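Here the structure is laid out as structure tokens; the discussion comes afterwards.
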Amino acid sequence: MLMLILSRALQSCVALLVLSVVVFGLSRASGDPVELMVPVDATQEARDVLRHTLGLDRSLAEQYVTFLTGALSGDLGVSIRERRPALDLVFERLSNSAWLALTAMTVALTLAIPLAVAAAVWKGTLIDAFARYIAVLGQSMPTFFVGLVLIIVVSGRWGLLPAGGMESWQSYVLPSITLGWFVVAGMMRLLRSSLLEVLDSEFVKLARIKGVPERVVIWKHALRNALISVVTLGGVYFALLLSTAVIVETVFAWPGLGRLAYDAVRFRDFPVTQAVVLVTAVLVVTINLVVDFLYAWLDPRIRRSQSGGS
Amino acid sequence: MSEAAVARTPSRSALVARWRGFVARRPPWFALLVVVAVLTMAAMPDLLSGHDPNAQTLRARFLPPFWLERGTLVYPLGTDGLGRDILSRIVHGTRVSLLVAMLALLVGGVVGGSLGLISGYARGWIDIVIMRLADSMLAFPMILLAFLLAVTVGASLWTVVIAVALVIWARFARVIRGEVLSLRERNFVKLARIAGCGTLRILWVHILPNVFNTIVVLLTLQLGWVIIVESSLSFLGAGIPPPTPAWGSMIAEGRASLTRAWWVCTMPGVALMLTVLSFNLIGDWLRDVIDPKLRQD
């Protein structure tokens, strides 16, 4: 078990290191930010001074080492646009994105669980077909389009909810539905198939023979076990939500991480770009690690099969 | 399967059985129809569009679709803020969106598939490296990285293709590797090795044909997703540069006039959705017919 933890943690560190090189390289390749910062008529001398203070005149290897040692001590540079520590900007926005991800996940679960249970219990009926169509439809609708249609109909036509910003609880409704809807399809399919598997297992049969009411069998015995498969993919869902958040936050003018990344990339503010990507990566990797350990800890069979090589 | 006995010649009977398999699983006719229409639009855009997609007619700005008041059949799906015909732009955008999607799928499929083959066949540390790489790709917000890449290198057809390929190769690698892992233990591969076949020959002649079905099914299933990723990049402004019409960028342009002219962004969105939906339905159907192993339930 200890070996498993150590090797997984080591692999995650290597993955993060590789990513840091990629991010560093990409953001350096995106053009000279100095040109965006100085007035058009600035002298060459003024440009050189600025380039020197930003450390852009040193070799790439040197810049990378500075960047990495800084990153390890929690210093990811200063935003070129806002002249504030990049990490501060990221943490200011992080909670906004986290709240959105949380409400979106709630929306996804409240839709996916009943649909999956209905589809599994009434397998092969119209209800099952309906759930299947919802899933295919969910996978076929681009998030930004769902968001725009919701804005047109709910905020525009009906004038019910705000179309953007983050003022009150009402601002959460549309972005959460948009973001949540995106993961419903995959989650529902997964839950349905694992429910079917559990419903077919020996212990469920035994429970039925013992005379446990069907309602308890489904909602307590079967669902609880089937949910493990969803929890296992928790890390993947989280990464998906964060990734899609870039789009959703752009559509709804949500002051979150995704929006920050979008602006940073467009304005070549690479300390911020690096900070967003790295913080996101650390979050995703950590969550995946925690999920892995929880899973291994909960289920000894996984523990053994994983240590034998995946 | 029992129908195979009906026909006389074995090759014919196999074909008949296969055809029956296709039909018995009820092909999604509607989806096939949409795909044929979409492919025709991509192949011959001028045939189906009455206007130049970039021609601006300022007197005809924000005309609604024909079924609404003020709408005319000259511009069946209405016009945008520059008076460009939306239908023509959708038709011409098909080519760009499909071209990018297919190229990206090809690049991602070839790279991912090859890495999967190597990974599954070589095992050992090569396998570990490739799979960890694939895992970190799958776990990472790839749209963000693709966006970063597209903006960094500058928007062009190939940047978008590479950016999208970067997002999808890992899925191919994972699935193909799994198949190869079990194939390499089968007797025909072992015998080929004993007979002195080189590694490349084994991979090419003995293993690749056996994972080919899986690759085809994966390609169809991923096509819809790839179209969505491509349009998301266009929507964020990192796609094919304007004025070339692409569905994603059309939707993004329509945002500015959302309250005034809803059809500007809704029409390309519906086209996008119908296309992706059709590819997904066909992918599901193909998977059930060709490769039941991949079925989720």
Side-chain angles (χ1 to χ4, degrees), chain A residues 11-12 14-16 18-19 22-23 26-27 29-31 123 132 136-137 139-145 148-149 151-153 155-157 163 189-190 192-193 196-197 235-236 238-240 242-247 250-251 258 261-262 265-266 268 273 276-277 280-281 284-285 287-288 309-310, chain B residues 123 127-129 131-133 135-154 167 221 224-225 227-229 231-232 235-238 247-248 251-252 254-255 258-260 262 265-266 268-270 272-281 283-284 295-297:
Chain A
Q11 282 166 1
S12 310
V14 172
L16 282 177
V18 171
L19 195 83
V22 173
V23 170
L26 276 180
S27 46
S30 68
K123 188 187 166 220
R132 198 180 157 142
V136 181
L137 202 65
Q139 284 173 333
S140 310
M141 285 166 75
T143 335
F144 56 93
F145 183 59
L148 288 178
V149 169
I151 291 180
I152 293 174
V153 177
S155 334
R157 200 52 65 85
R189 282 189 158 186
L190 181 72
R192 174 182 175 272
S193 58
L196 285 177
E197 207 172 291
V236 176
F238 184 70
L240 262 179
L242 276 180
S243 168
T244 321
V246 181
I247 295 162
T250 309
V251 171
Y262 176 75
V265 171
R266 305 214 87 181
R268 293 188 202 157
T273 318
V276 175
V277 175
T280 318
V284 169
V285 166
I287 288 180
N288 271 324
S310 52
Chain B
R123 301 196 296 188
D127 182 32
I128 294 180
V129 170
M131 279 307 115
R132 283 304 146 219
L133 210 60
D135 279 352
S136 45
M137 287 292 187
L138 284 176
F140 192 74
M142 287 311 293
I143 289 190
L144 194 61
L145 213 57
F147 178 57
L148 188 61
L149 180 76
V151 171
T152 303
V153 190
V167 183
L221 280 177
W225 169 240
I227 295 177
I228 288 186
V229 173
S231 63
S232 304
F235 177 76
L236 291 175
W247 292 344
I251 298 173
R255 271 183 77 194
L258 209 57
T259 43
R260 199 178 151 190
W262 55 267
C265 71
T266 313
V270 171
L272 181 62
M273 203 185 82
L274 273 180
T275 310
V276 175
L277 183 67
S278 303
F279 279 121
N280 281 343
L281 285 174
D284 274 357
R295 216 177 308 172
Q296 278 160 336
D297 38 350

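From a predicted model like this one, the values you see are computed outputs, not experimental measurements. Proteins get letters first, then strands, A, B, ... in listed order; numbering begins at 1 in each.
With chain B as partner, the option from A:Leu190, A:Ile287, A:Ile247 having the largest number of non-hydrogen pairs under 4.5 angstrom is A:Ile247. Here B:Leu236 is the residue among B:Asp284, B:Leu236, B:Leu133, B:Leu281 with the most heavy-atom pairs under 4.5 Å with chain A. Top candidate by heavy-atom pairs under 4.5 Å with chain A, chosen from B:Thr275, B:Thr266, B:Leu274, is B:Thr266. Among A:Val276, A:Val136, A:Thr244, A:Val149, the residue making the largest number of heavy-atom pairs under 4.5 Å with chain B is A:Val136.
Scored by the side chain to side chain donor-acceptor pair (under 3.5 Å) test, A:Ser155 finds no partners at all (sequence neighbours excluded). Every salt bridge (Lys or Arg N to Asp or Glu O under 4.0 Å) that B:Arg123 has, sequence neighbours left out, goes to B:Glu185.
Residue A:Leu148 holds its CG atom at 7.5 Å from CD1 of B:Ile251, rounded to the nearest 0.5 Å. The line from OG1 of A:Thr143 to CD1 of B:Ile228 is 7.0 Å long, rounded to the nearest 0.5 Å.
Contacts between A:Val14 and chain B at a heavy-atom distance below 4.5 Å are absent for every atom of the residue. Neither the backbone nor the side chain of A:Leu16 comes within contact range of chain B, judged by heavy atoms closer than 4.5 Å.
B:Val276 approaches A:Gln139 most closely through the heavy-atom pair CG1-O, 4.2 Å. For B:Arg255 against A:Thr250, the heavy-atom pair with the smallest separation is NH2-O, 3.2 Å. Taking each heavy atom of A:Phe145 and B:Val270 in turn, the nearest pair found is CZ-N, 3.7 Å. Across every non-hydrogen atom of B:Leu272 and A:Phe144, the tightest pair is CD2-CZ, 4.1 Å.
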